[in-house]
> 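Handing you a structure now.
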Amino acid sequence: MLKKFQGLKSLFPKYQMPNQLPNLTGLKLSRFRSAFVSSAIILGMLYGVRQLGGLQQLELLFFDQMMRSRPDKVADPRLLLVTITESDIKQYKWPLTDRLVAQTLSELNRHQPAAIAVDLNLQRNIPIEPERSELIAQLRRPNVIAAVSSGNNQNERIDPPVELPKEQVGLVDLPADPDGFMRRVLLFTNRASLSIQLLNAYLRADCPRDRPQRQDLVCQNLKPSFNSQKEYQLGEVTFPLLKSDSGAYQTINSGGYQILINTKSQKRGNR
């Protein structure tokens, strides 16, 4: 290539042609190495910041946006929420009496529900009879599950009624993320959660022993168990165990058996 430019000397006498052209291949390789090293350093720094939890909040915000952008599903018609409103508290005072709770449970059971979850503090320092006996009689029904909570302090603690077996008591604690939002749920710690106990009660009601002729999908496949990886499984559906570094998380306490909350609908269920 250098010979092609030799004839230009007569036209440009003051221009001194180089003896050889610069090594472009070596120049490109040098630039590539510099870019590679710079990229590796930046990626390493980002990885380190992420491992230390520096990007956790940003990733959680992206996760929230993705959850909100999903199509909204119809609320499950099998669920009924019975709530306590401000007007109820003004009318009946707080805490609600054992008799009032017992009457409410009796009315609900009149409609033959598969399962009832009672998310109330039903422990009493001084039981009042016969109201207490009326409530315990309703709570001992096999389809009723009572709530228990460790709470953040003694005032928030909910102890289960001592008269109930452990199969009718469920944990309602929800671990909070560093930003205060609830994105996780506890399925198990030293006891099963209220949702798991409610599920077990529902499956027992849907597959009663006195109706062996019913062999539908629920009775055949939806049997709670743990697989070889010690992950909770219901039929063919597995609930992946949430670890301290799962997904966007890097600095959470993943004690117990936790999973992400899968929000089905932003609409309220039947009330």
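Computed from a predicted structure; not experimentally measured. What you see below is based on every heavy atom in this structure, not just the backbone, and it leaves out hydrogens, waters and symmetry mates.
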> Tell me if a side-chain donor or acceptor on Glu134 pairs with a main-chain N or O of Asp98 at a distance below 3.5 Å.
no

> Please say yes or no: joined through hydrophobic side-chain contacts below 4.5 Å, possibly via intermediate residues, are Val172 and Phe188 part of one cluster?
no

> Would you mind reporting whether Ser193 and Leu187 have side-chain heavy atoms less than 4.5 Å apart?
yes

> Quick one: are Asn109 and Val144 in side-chain contact, heavy atoms under 4.5 Å?
yes

> What's the separation between atom OG1 in Thr238 and atom OH in Tyr232, rounded to the nearest 0.5 Å?
11.0 Å

> Is Ile196 reachable from Val237 through a run of I, L, V, M, F, W or Y residues, each pair having side-chain heavy atoms under 4.5 Å apart?
yes

> Answer yes or no: is there a side-chain heavy-atom contact under 4.5 Å between Val148 and Arg191?
yes

> Distance-only, no hydrogens or angles: does the Thr104 side chain make a donor-acceptor pair with backbone N or O of Leu100 under 3.5 Å?
yes

> Establish, yes or no, whether the cationic atom of Arg68 lies under 6.0 Å from the six-membered ring centre of Phe63 and within 45° of the ring axis.
no

> Does the side-chain contact (heavy atoms from CB on, under 4.5 Å) test come out yes or no for Ile259 and Leu241, once each step is laid out?
CA-CA 6 Å; Ile259 64 171; Leu241 174 64; over 6 Å; no

> Rounded at 0.5 Å granularity, tell me how far CD1 in Ile84 sits from OH in Tyr92.
11.0 Å

> With a 4.5 Å cut-off on side-chain heavy-atom distances among I, L, V, M, F, W and Y, is there a chain of contacts connecting Leu234 to Ile261?
yes

> Between Tyr257 and Phe239 (judged by ring centroids, cut-off 6.0 Å), do the two rings come close enough to count as a pair?
no

> Can you give me the closest heavy-atom contact between Ala102 and Gln138, atom names plus distance?
O-CG, 3.6 Å

> Checking Gln197 side chain against Val169 main chain: does a donor-acceptor pair fall under 3.5 Å?
yes

> Rounded to the nearest 0.5 Å, what's the gap from CD on Gln250 to CD on Gln56? Could you check?
7.0 Å

> Nearest 0.5 Å, what's the CD-CG distance between Gln233 and Asn227?
5.0 Å

> Side chains of Asp177 and Met182, heavy atoms from C-beta outward: is any pair under 4.5 Å?
no

> Counting only N and O atoms by type, is there a donor-acceptor contact under 3.5 Å from the side chain of Asn143 to the main-chain atoms of Pro113?
yes

> Could you see if Phe181 belongs to whatever hydrophobic cluster contains Ile252? Use Ile, Leu, Val, Met, Phe, Trp, Tyr and a side-chain cutoff under 4.5 Å.
no

> Measure the spacing between CZ of Arg140 and CG of Leu135 and express it to the nearest 0.5 Å.
10.5 Å

> Taking the side chain as everything from C-beta on, heavy atoms only, tell me whether Arg132 gets closer than 4.5 Å to Pro161.
yes

> Assess, by modelled atom type and distance only, whether the side chains of Ser69 and Gln65 contain a donor and an acceptor separated by less than 3.5 Å.
no

> Got a sec: does the CZ of Phe62 have more than 12 other heavy atoms crowding it under 6.0 Å?
no

> Is any side-chain heavy atom of Asp179 closer than 4.5 Å to one of Gln57?
yes

> If you compare all heavy atoms of Glu59 against all heavy atoms of Gly247, which two are closest, and at what distance to 0.1 Å?
OE1-O, 4.3 Å

> Tell me, do Asn121 and Pro95 make a side-chain contact under 4.5 Å, heavy atoms counted?
no

> Taking the side chain from Gln168 and the backbone from Arg141, do they hold a donor-acceptor pair closer than 3.5 Å?
yes

> Determine yes or no for a side-chain-to-main-chain donor-acceptor pair under 3.5 angstrom, with Ser246 supplying the side chain and Lys243 the backbone.
yes

> Report yes if the side chains of Arg70 and Asn262 come closer than 4.5 Å at any heavy-atom pair, otherwise no.
yes

> Test Leu260 against Arg184 for side-chain contact (heavy atoms from CB on, under 4.5 Å), laying out the working first.
CA-CA 4 Å; Leu260 284 173; Arg184 297 170 283 147; 4.3 Å; yes

> Do Ile116 and Leu198 belong together in a cluster built from hydrophobic side chains that touch within less than 4.5 Å?
no

> If I take atom CD1 from residue Ile136 and atom CD from residue Glu129, how far apart are they, to the nearest 0.5 angstrom?
9.0 Å

> Looking at every non-hydrogen atom in both residues, tell me the closest pair between Arg99 and Pro130 and how far apart they are.
NH2-CG, 3.5 Å

> Is there a donor-acceptor contact under 3.5 Å from the side chain of Asp88 to the main chain of Thr85?
yes

> List the steps, then state whether side-chain contact (heavy atoms from CB on, under 4.5 Å) holds for Leu194 with Leu171.
CA-CA 5 Å; Leu194 186 69; Leu171 190 69; over 6 Å; no

